[in-house]
Number of protein chains: 2
Amino acid sequence: MGQDVRKIKTERDIQAAFLSLLDTKGFRHLTVADICQSALTSRSTFYAHYLDKYDLLDQMVAHYSAIFASRVDLHFEQMIAGEIDQMITDLLGDMAENRQAIAILFKVHEPNADLQANFRAMLLKKWQTFIVAQQPKTAAPIELIAAMGTTVQMTLIEWEITHGETSVAGVADAVNTIREAVLMQVAGDEK
Amino acid sequence: MGQDVRKIKTERDIQAAFLSLLDTKGFRHLTVADICQSALTSRSTFYAHYLDKYDLLDQMVAHYSAIFASRVDLHFEQMIAGEIDQMITDLLGDMAENRQAIAILFKVHEPNADLQANFRAMLLKKWQTFIVAQQPKTAAPIELIAAMGTTVQMTLIEWEITHGETSVAGVADAVNTIREAVLMQVAGDEK
DNA sequence: TTGGAATTGTTGCTTTTCGAACAGTTATCG
DNA sequence: CGATAACTGTTCGAAAAGCAACAATTCCAA
């Protein structure tokens with residue numbers, strides 16, 4: 001099972017080159033030849049690993065989606081519990097090596113490969129089931145409140161991923177204020 | 001020629017890993033297995049490229065020595081002419097990609113592989129022939145003055161290589177003052 | 001000093017990658 | 001529109017890298 005080191009290396013090189021070019025030239029006008037030239041591999045090798053550039057993008061999006069999927073439960077619970085500082089620390093810890101890659105992939109929006117949309121969808125589902133479980137008495141539609149919570153959380157994630165481990169103090173406060181407003185809606189409290 | 005991309009890549013990986021380990025563990029206690037593990041290559045591949053770790057070091061020292069050898073004439077002339085700013089700019093320009101590698105190799109002193117000693121030897125030879133050509137009337141031994149000039153120039157080079165493209169203004173002045181003192185000795189002027 | 005562990009070079013065999021060609025498909029531009 | 005350039009996806013033999021095993025040092029601590 002332990003793969004041949006060469007496969008690991010070429011996939012690493014191809015993916016690194018892909019991300020770099022994605023950042024500069026964008027996805028649409030990127031050719032397989034471009035990627036291979038930058039990765040110092042041959043095209044035939046590329047096709048031994050991926051069907052085409054779409055497959056490469058798919059696999060990478062799936063990869064980072066899976067990583068986030070394995071953390072999303074904890075992340076959501078921390079959000080609800082208001083443990084914003086800890087949530088941010090954990091997120092940055094988990095994503096440390098992948099931060100740059102995720103930041104780049106977040107800007108790519110292809111029909112069946114949209115990392116940002118995947119993250120958002122996972123969070124939205126969490127919010128929906130959470131709100132339903134609360135049996136809110138609010139007049140506002142459940143879907144709206146779920147969308148609100150998701151948006152707030154996604155905005156924070158994007159901010160952290162692009163800005164890295166900068167000062168977190170003010171951020172936590174700001175997020176917390178908005179978070180409480182959303183949760184108040186869920187509880188059904190009228191102002 | 002060594003045209004196959006794979007050769008280029010493995011040598012690049014091996015040399016990068018080697019430099020990195022050289023910086024952390026030093027040369028003596030470094031094993032071929034260490035290098036290969038860090039470079040993600042196999043030992044048999046290593047031995048297909050190098051005789052042993054000494055050969056690897058030799059080749060790298062020879063490589064950077066050759067680069068410096070191709071610049072040393074211009075570099076020395078700029079030193080004599082007092083074009084310190086230009087000299088520094090040119091040096092950093094030429095060495096931009098190799099700065100880190102040279103800085104690391106400068107700390108390695110093996111019997112037949114000493115980059116720092118090679119640099120110094122080249123400069124010393126330039127100073128010696130220069131001074132002889134001037135037919136100095138100074139009472140001081142030629143070898144002493146040559147050693148002085150070489151030391152001053154080497155010190156500057158080491159400073160630039162370790163400190164990079166930081167402010168150059170004050171450096172040029174300081175070097176120039178010392179340079180003039182040395183040249184005054186060459187001219188034989190008694191204070 | 002000695003015995004086990006680690007390191008060295010070397011080897012045979014397998015797997016992967018390379019490079020160059022190929023026909024077929026899409027852009028690009030005058 | 002037409003052509004010609006670029007890109008795709010595939011194939012092939014040759015070259016390189018990987019891997020595991022080996023005996024032969026060398027290291028190092030008991």
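A, B, ... follow the sequence lines: proteins, then strands. Residue 1 opens every chain.
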Any side-chain N or O of [X] below 4.0 angstrom from OP1/OP2 of [N]?
| X | N | result |
| --- | --- | --- |
| B:Thr10 | D:dA17 | yes |
| B:Ser42 | D:dC19 | no |
| B:Tyr47 | C:dG9 | yes |

Specify the separation, in whole Å, of atom [atom1] of [X] and atom [atom2] of [N].
| X | N | atom1 | atom2 | answer |
| --- | --- | --- | --- | --- |
| B:Leu40 | D:dG18 | CG | P | 9 Å |
| B:Asp52 | C:dT8 | CG | P | 9 Å |
| A:Lys7 | D:dA16 | NZ | C1' | 17 Å |
| B:Arg12 | D:dA17 | CZ | C1' | 15 Å |
| A:Leu30 | D:dT8 | CG | C1' | 14 Å |
| B:Leu51 | C:dT8 | CG | P | 14 Å |
| A:Gln3 | D:dA17 | CD | P | 19 Å |
| B:Arg43 | C:dT7 | CZ | P | 10 Å |

Margin query: Taking the nucleotide of DNA chain D with the nearest heavy atom to each, does B:Ala48 or B:His29 sit closer to the 5' end?
Written below: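 Looking at DNA chain D, the more 5' nearest nucleotide goes with B:Ala48.
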
Notebook entry, point to check: Does B:Phe46 or A:Asp34 map to a spot on DNA chain D nearer the 5' end, using the closest nucleotide for each?
Noted result: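 The residue closer to the strand's 5' end, by nearest nucleotide, is A:Asp34.
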
Quick one: do the A:Glu143 and A:Gln128 side chains pair a donor with an acceptor below 3.5 Å?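 Yes.
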
### Task
Examine the side chains of B:Thr10 and B:Asp13 and answer whether a donor and an acceptor come within less than 3.5 Å of each other.
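No, no side-chain donor-acceptor pair sits under 3.5 Å.
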
Could you say whether B:Val32 or B:Lys9 is positioned toward the 5' end of DNA chain C, judged by the nucleotide with the nearest heavy atom to each?
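Nearer the 5' end of the strand: B:Val32.
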
Q.
Looking at A:Lys126 and A:Asp73, is any side-chain nitrogen of the basic one under 4.0 Å from a carboxylate oxygen of the acidic one?
A.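 Yes, charged N to carboxylate O under 4.0 Å.
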
Rounded to the nearest 0.5 Å, what separation is found between the CG atom of B:Leu30 and the CD1 atom of B:Ile35?
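Going from the CG atom of B:Leu30 to the CD1 atom of B:Ile35 covers 4.5 Å.
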
message = Does the plane of the ring in A:Phe119 sit parallel, tilted or perpendicular to the ring in A:Phe68? Use 30° and 60° as the thresholds.
response =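 Taking A:Phe68 first and then A:Phe119, their aromatic rings lie parallel (interplane angle under 30°).
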
D:dA17 base / B:Arg6 side chain donor-acceptor hit below 3.5 Å: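 Donor-acceptor pair under 3.5 Å: no.
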
Requested in this report: May I ask you to verify whether the side chain of B:Ser44 and the base of C:dG9 hold a donor-acceptor pair under 3.5 Å?
Outcome: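 Checked by distance alone, the answer is no.
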
Could you tell me whether [X] contacts a base, only the sugar-phosphate backbone, or nothing, with contacts defined as non-hydrogen atoms closer than 4.0 Å?
| X | answer |
| --- | --- |
| A:Ile8 | nothing |
| B:Thr31 | sugar-phosphate |
| A:His49 | sugar-phosphate |

